[in-house]
Structure formats: structure tokens, C-alpha cells
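Bear in mind that the values here come from a model prediction, so they are computed numbers and not experimental data.
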Amino acid sequence: MGFMGLNLYFHWKDTVPIEYAKLKDSNETTSMSSPSTPYPKKRQKSVECPSELWNQVHTDIVPNEDLHLDWIQKNISRRDNIMESQIRLLTAFVYPDHISITTTSQRNFGQNASCMYYDCLREEIENSRYESVFFPMNVIRCPRRIGAKYVSIGLEENGNGPEKTQEPIPLIYRNFGTPSHQISVCVGPIYGSENRWLQVAEFIEHYKLIGVRHFYFTIFNINEYGRKILDEYQRTGEIELTVIQSEYRNVDWQFHLLQINECHQRSKHHSKWVINVDIDERLVILDPKIKSVLELFNGYNDTVGEVGFAIRRIQKTGQLPEKYESEEQIISEMEFLKYNVSSPVTWGAYKTIYRPEKIAAMYYHWAYQRYPGSVAEYVNSDVALIRHYRTTESNILGSGWLNDPNYANFTIVPIEDSKFGKKLAKAVLEKIKYVYDQRVLNCEEIANVPYQEYKEFGHDIFNCIFRNDTSGNRK
């Protein structure tokens, strides 16, 4: 919803120039049309689209397309699911040398699709289509086209019948020469019946304390109370929100890879490094000499595409609180402070921090496929690891994990850094109180002039209470 308005690429149209050099990928050179040669239009328009410098790029190929086709033939990263789902366009991103379009379908791996380009009036640009393919699961990569503001796809279902086209969606600007953020977090999708307001605040403030300044959130479903905290972080510019609308009443863990792939495309050219974790997973730095996530990468050269971290599962034995009540409640319910019954460290379901441009396809925890020349590194668990606050509730996804021998022999592992815990509690309290510590309006706060004016026009309900009124009745 709101993320679209923040990230439409024309938001930066006057601030990001491009170079008219030829764009290159690792194997081939793309062609560049002259900025003074627009695509022909079918008819003269009464309203002409503006000619923006950065949007004068035409490319003839998709970078690494031959590699993608080879991986499709080998079914690399294929994981078809929800076999009768609709194909709905989700988001589209414009990069220096290509465009990525994401959808809500998980069943189209390797299927052909036509890239379709539209100008600022949502009229299709003539002779601009390009035949592409779904790779990975729900992503179509397309070349650039001069003047494109919106994109869509066309496809034939089962190879029969006329081509079906989707309503065009706007391009989100990712045409950055240098990433806007050094490190961000791709947060696993939010869904389910638990109220997430405190968990969201604790998650964000935790990662901010270790140097993260930007977060990509995806909502499957969340109640109004929980949405308020996300709206607050969106107001401060710290998060982007992707909302997935589906034809299904329940969108849950079976749709998780939609978030994984969309966030991968969203972060390309926008963040240099991306932490891939769920809302109940916290990266903790154990080496006292290291103060931020980026310091973990000191000594790595540019070939490193992903960095793996072991996990320690923590038993989360209670439910998240429904609503804010008091400061004492917050301190007692914060996961970092409340839970410490822990499994041994394991690499069985390790998580990664990755470089988006060096990854071809992502899995839940790590990369399915890196591009050639990219390698993985792994951080010693004595230096940093992931604390996963895994619920012990039965009859949910993975509820049998307590019986897994990888997580046997639980012990109490106290907080590694008490100062960190105090800083975290202070930051969470400030944010929660700012959003949720609300009161009623006192009638004495309404100035006399507007009060009399409202009364004159028949407004006699002010939803306020006089300070000396003990009845509690609203006026």
C-alpha cells in the first residue's frame, strides 16, 4: 500500500542522472538507443510525457539470460506450489541495465512471458515487447525501454488461447550507481493470529543497535493494532512495506518464498548487504571487539556473495501480548529479555547475509544459486550467531522441532551483553509509548472559538471528557 508512494521511481527523477556509456554485464554488451530518438507513438497525444535523463536507456538483452535458461533446464531452484493460483503482478523494479517484475504465483518456473512497457499515460510503448521467462519462481526479468514508467506481462496459459495481459504497475526506482544502504534486513512475512506490535518494535530496535538502518517488511495479514507500529516506522523512513493481496483467505508459510524473492529483487542496487531473517530471529554479536554487523565483513573481498551464521533456538513458551498496558509489561514481555532456554548451536538451518546482485535465486535460508565468481563465507559461532525465538506451541508449522535431536540438551543461556539488553529495552519503550500510550481528549483542550463555531453548525459530539467529570461519559 504505502510503500508504492514512497518508492515510485519518478520520486527521484530530477536527482539521479545516468551516463550514456554502454551498459555491460559479465558476458555481453547491451545496446543503448540515442536519447534523442524516442519510440514512435501511434498518434499525437494532447499530453506528452516528460523526457527524463535517466529514463533514456534502451537495452536489448537481460543480463545473464543464457545462464538463467541453462539453470531452468536443470530445474535449479524450482519449487512449484499452489498449482491453481492466479498470476497477479506484485512489484516491478528498474535497475541500471534491466527491470525485474515480481508476481504472486509460485507455479510458473520456466514459463514464457512477454515484457510489456507503458509510458506515463499508461499507454503501451509501440514495438517494445520482449519475450522473457520466469526465473526464479515468480520473477520475470526484462530489458530497459526508453520512457517506460509502467510495466506488465503477457502470457498464454498452457500455450493455448489469446495472450492474457495484466494491469500495468509502476516501476520502483532502483537505478542507483551506489547502493543507498550498506546493510538492510529482509524480514520474513508477517501473518498469523498473534499480535506483532511488540515483536516488530523489538526486532527493529535490536537490529538498529547493531548498525542496521533500513528494513524491508512484507505483510500477508496483520490486525489494525499491529499495523500502527509499522506505519510509525514507515513514517520515519526506516522501513518499506510490501502488501501481498491474494485470492486466498489464508496466506501463510506456504507463500513465504514470494516474500523471499520479492525482497531479493527489491534490495538489488538499493542495499549492498541484506540480512535474511524472520521476525523471530535476531543476529547477536558475541565478540566484544565487534560493534556492528558491517565489522563482521572486514577482510572479505568482493567475491563474497553470502555469509552464513549458525543458529541457537530459544524456547518461546508464551504468547505475545495483545495490547500495550504499562512499561513493566513491556520489559517482562520482550523476547530478548524473557526467554533463555536454548538449544545447542547448530548449522542445520543456518541463515545468511547476502549481496543481492551476486545471487541468482534465494531459498528460505540461503542462496539456491549464486552467480559465477561469487563465494560463500561462514562466521564462527563464537563471533556471532542467530537467536531464533521458536514457539513451543503445538499444532503449528514445525511444532515437532522440540523432538529433533539437533535441538536436544537444552540449557539456560543468559543474555551475552547486559548493556545491550538495557539499551534495547530503553529504545523499545520509547517507541512503544510514542505509538500506543494514548489518552482521551479533555474537553478543556478545545479552544472556545472553534467550539462555538462547531456548535453553530450543529456539531454537538466532541468525543471528550471534562477533567472533573467522574462519570466517564463522553461529550
Partner set under side chain to side chain donor-acceptor pair (under 3.5 Å) for Asp417, not counting sequence neighbours: none
All side chain to side chain donor-acceptor pair (under 3.5 Å) counterparts of Lys351, not counting sequence neighbours: Glu281
[X] to [Y] six-membered ring, cation-pi geometry met (6.0 Å, 45°):
X: Arg122; Y: Tyr150; answer: yes
X: Lys268; Y: Phe93; answer: no
X: Arg129; Y: Tyr117; answer: no

Partners meeting ring pair (Phe, Tyr, Trp, His ring centres under 6.0 Å) with Phe297 (sequence neighbours left out): Trp273
Geometric class of the [Y]/[X] ring pair [parallel <30°, tilted 30-60°, perpendicular >60°]:
X: Tyr173; Y: Trp54; result: perpendicular
X: Trp347; Y: Tyr378; result: perpendicular
X: His214; Y: Tyr216; result: perpendicular
X: Phe255; Y: Tyr248; result: tilted

Salt bridge (Lys or Arg N to Asp or Glu O under 4.0 Å) involving Lys426 - partner list, sequence neighbours excluded: Glu430
Residue among Ile210, Leu385, Ile415 satisfying side chain to side chain contact (heavy atoms under 4.5 Å, CB included) with Val284: Leu385
Donor-acceptor pair between Thr236 and Glu238 side chains, under 3.5 angstrom: yes
side-chain contact (heavy atoms from CB on, under 4.5 Å) partners of Ala427, counting only residues at least two apart: Glu205
All pairs passing salt bridge (Lys or Arg N to Asp or Glu O under 4.0 Å) where residues 67-80 contributes a residue, at least two apart: Asp70-Lys74, Arg78-Asp80
